[in-house]
*Asks:* 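Here it is, the structure, as structure tokens.
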Amino acid sequence: MLTHPTLDQMQALGLGGMAAAYRDLADQSKGDDLSRDEWLGLMLDREAAMRADKRLTNRLAVARLRFVDACIENIDFAAHRGLDRRNTLSLAQGAWLKAHENLIITGQTGTGKTWLACAFGRQAARLDHSVLYLRMPRLFEDLALARLDGRFPRLIDKLARVQLLILDDWGTHSLTDQQRLDLLEIFEERYRRKSTLITAQLPIAQWHAMIGEPTIADAILDRIVHNAHRVTLEGHEKAKNTAALDRRRKRRNQSQMTSTRQPSADPILLSAT
């Protein structure tokens, strides 16, 4: 069999996975024991796996996640952050993405909001959704520059088309009139069409005041909050207090176990006295 022309044709057609599987099977003696259907099945499996890996790599490169290694499997549920395992794993299945719903992660600084958002971003890319990560200050800078050089409609279209838009550091500063209008434009284009993930230190109850103008604030929040899943991470103080309580409880248990192990007085010595 002339394998080289066959491999060259596969490569020319962009079937690198099938070519690699074909080469491996041809070099293995057990390949002779397989039927043509089995050969074809193994080659197609390799091609599909290679394309999925390449697609994931490309999606992650475009997403520009702040924590590129964050993933659902590495979440520490033992940490005292109030993170519910069942709810988190349920969100990781991606039904909220298919339903074009939102996700809001709130909590104090240092509780891992951004890392968790990036983990959900990677999971969305695994589920074959396009992802884009942006910090709110950078978003407003890009919008202002795009308005000046004529790219504003294209940028809005790009933000509207991405299937999961991650907006980090929401509510860190008050908004200008133009920024309010830009946000309304973005969320109007995305409402019930795509999903948005927002991280914020500011509790949701204070978002209306942060946005400022009541009418626009109502319109923006109506498109963000009402169909959003919520994850609230506990702050440092509560986490430290819980950990300190656990340490005190552990020391108390250890002292009780030590006291129960102490030997009783020798009865012979007692009778001698």
*Asks:* As an exercise, state the distance from CG of L221 to CD1 of I216, rounded to the nearest 0.5 Å.
*Replies:*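 Answer rounded to 0.5 Å: 11.5 Å.
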*Asks:* Can you name the nearest heavy-atom pair linking L127 to G94, along with the distance?
*Replies:*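 Scanning both residues, the minimum pair turns out to be CD1-CA, 3.7 Å.
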*Asks:* Does NZ or CZ of R147 lie under 6.0 Å from the centre of the six-membered ring of F152, at an angle within 45° of the ring axis?
*Replies:*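 The answer is yes; both the distance and angle limits are met.
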*Asks:* Is there a side-chain contact between L233 and V231, using heavy atoms and a 4.5 Å cut-off?
*Replies:*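 In short, these two side chains touch, coming nearer than 4.5 Å.
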*Asks:* Is R180 reaching over with its side chain to a backbone N or O of A217, donor-acceptor style, under 3.5 angstrom?
*Replies:*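 It does not hold such a pair.
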*Asks:* Does the R193 side chain pair with the main chain of E188, one donor and one acceptor, at a distance under 3.5 Å?
*Replies:*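 Such a contact is found between R193 side chain and E188 backbone.
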*Asks:* Spell out, as yes or no, whether a donor-acceptor pair under 3.5 Å connects the side chain of W96 to the backbone of H229.
*Replies:*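 Checked: no pair found.
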*Asks:* To the nearest 0.5 Å, how far apart are CD in E141 and CG in L139?
*Replies:*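 So the gap between those two atoms works out to 9.5 Å.
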*Asks:* I'd like to know if the side chain of R122 and the backbone of C118 have a donor-acceptor N/O pair within less than 3.5 Å.
*Replies:*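 No, R122 side chain to C118 backbone: no donor-acceptor pair under 3.5 Å.
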*Asks:* Which pair of heavy atoms, one from L65 and one from G121, lies closest together, and at what distance?
*Replies:*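 Scanning both residues, the minimum pair turns out to be CD1-C, 4.3 Å.
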*Asks:* Hey, any chance F67 and M136 share a hydrophobic cluster, counting ILVMFWY side chains that come within less than 4.5 Å of each other, even indirectly?
*Replies:*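 Not linked; separate clusters.
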*Asks:* Strictly distance-based, threshold 3.5 Å: is any side-chain N or O of E189 a donor or acceptor partner for the main-chain N or O of I186?
*Replies:*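 Flag not set: sc E189 to bb I186 has no pair under 3.5 Å.
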*Asks:* Keeping R190 on the side-chain end and L159 on the backbone end, is there a donor-acceptor pair under 3.5 Å?
*Replies:*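 Indeed, once roles are kept as given, a pair shorter than 3.5 Å links the two residues.
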*Asks:* Report the C-alpha distance between I198 and N102 in whole Å, list the side-chain angles of each, state the deciding distance to 0.1 Å, and finish with yes or no for side chain to side chain contact (heavy atoms under 4.5 Å, CB included).
*Replies:* CA-CA 8 Å; I198 295 175; N102 301 324; over 6 Å; no
*Asks:* Evaluate the criterion side chain to side chain donor-acceptor pair (under 3.5 Å) for residue pair D218 and H208; output intermediate values, then yes/no.
*Replies:* CA-CA 7 Å; D218 288 340; H208 193 279; 2.7 Å; yes
*Asks:* Would V68 and L60 satisfy side chain to side chain contact (heavy atoms under 4.5 Å, CB included), going step by step from the backbone distance to the final call?
*Replies:* CA-CA 8 Å; V68 295; L60 292 175; over 6 Å; no
*Asks:* Within a strict 4.5 Å, meaning less than it, do heavy atoms of the L183 and Q179 side chains meet?
*Replies:*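 With C-beta onward as the side chain, the pair stays apart.
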*Asks:* As a quick check of understanding, evaluate side chain to side chain contact (heavy atoms under 4.5 Å, CB included) for L116 and L83, giving each step before the final call.
*Replies:* CA-CA 10 Å; L116 184 60; L83 190 59; 4.0 Å; yes
*Asks:* Donor-acceptor pairs under 3.5 angstrom involving side-chain atoms of residues 162-172: please list them, not counting sequence neighbours.
*Replies:*
| residue | atom | partner | partner atom | Å |
| --- | --- | --- | --- | --- |
| Q163 | OE1 | S130 | N | 2.7 |
| Q163 | OE1 | S130 | OG | 3.4 |
| D168 | OD1 | T114 | OG1 | 3.1 |
| D168 | OD1 | T199 | OG1 | 2.2 |
| D168 | OD2 | T114 | OG1 | 2.8 |
| D168 | OD2 | Y133 | OH | 2.6 |
| D169 | OD2 | R135 | NE | 3.0 |
| D169 | OD2 | R135 | NH2 | 3.2 |

*Asks:* Stepwise, does the side chain to side chain contact (heavy atoms under 4.5 Å, CB included) test hold for L103 with L91?
*Replies:* CA-CA 9 Å; L103 176 59; L91 290 171; 3.9 Å; yes
*Asks:* If the condition is side chain to side chain contact (heavy atoms under 4.5 Å, CB included), which residues does D157 pass it with, not counting sequence neighbours?
*Replies:*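 R161.
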*Asks:* Could D128 and R59 be called an ion pair, given the rule that one side-chain N must be under 4.0 Å from one carboxylate O?
*Replies:*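 Here D128 pairs with R59 in a salt bridge, since their nearest N and O are under 4.0 Å apart.
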*Asks:* Looking at every heavy atom in both L155 and A146, which two are closest together, and how far apart are they?
*Replies:*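 Heavy-atom minimum between the residues: CD2-CB, 3.8 Å.
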*Asks:* Is there a donor-acceptor pair under 3.5 Å between the side chain of Q93 and the backbone N or O of A95?
*Replies:*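 The answer is no, because no donor-acceptor pair under 3.5 Å joins these two groups.
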*Asks:* Check the hydrophobic clustering (I, L, V, M, F, W, Y; side-chain heavy atoms under 4.5 Å; chains of links allowed) and say if F140 and L132 are grouped together.
*Replies:*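 Same cluster: F140 reaches L132 through Ile, Leu, Val, Met, Phe, Trp or Tyr contacts under 4.5 Å.
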*Asks:* Counting C-beta onward and ignoring hydrogens, is there a side-chain heavy-atom pair between L143 and Q178 closer than 4.5 Å?
*Replies:*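 Not in contact.
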*Asks:* Donor-acceptor pair, T106 side chain versus Q201 backbone, under 3.5 Å?
*Replies:*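 No; judged by distance alone, with no hydrogens or angles, the pair does not exist.
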*Asks:* Apply side-chain hydrogen bond (donor to acceptor under 3.5 Å, both in side chains) to D84 and list each qualifying residue two or more places apart in sequence or on a separate chain.
*Replies:*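 With neighbours one apart ignored, the set is empty.
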*Asks:* About how many Å separate CE of M210 and CD1 of I220, when rounded to the nearest 0.5 Å?
*Replies:*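 I220 atom CD1 to M210 atom CE measures 8.0 Å (nearest 0.5 Å).
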*Asks:* So how far is it from K113 NZ to I105 CD1, rounded to the nearest 0.5 Å?
*Replies:*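 With rounding to 0.5 Å, NZ (K113) is 9.5 Å from CD1 (I105).
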*Asks:* V131, L134: one ILVMFWY side-chain cluster at the under-4.5 Å cut-off?
*Replies:*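 Different clusters: V131 never reaches L134 through Ile, Leu, Val, Met, Phe, Trp or Tyr contacts under 4.5 Å.
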*Asks:* Once you round to the nearest 0.5 Å, how far does OH of Y191 lie from OG1 of T196?
*Replies:*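 Output value for this atom pair is 12.0 Å.
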*Asks:* Can you tell me how far CD1 of I75 sits from CZ of F120, rounded to the nearest 0.5 angstrom?
*Replies:*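 If I round to the nearest 0.5 Å, the distance is 5.5 Å.
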*Asks:* Group every Ile, Leu, Val, Met, Phe, Trp and Tyr by side-chain heavy-atom contacts under 4.5 Å, then state whether I156 and L145 land in the same group.
*Replies:*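 No: no chain of side-chain contacts under 4.5 Å links I156 to L145.
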*Asks:* Would you call E73 and R126 a salt bridge, taking side-chain N to carboxylate O under 4.0 Å as the test?
*Replies:*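 Yes, this pair counts.
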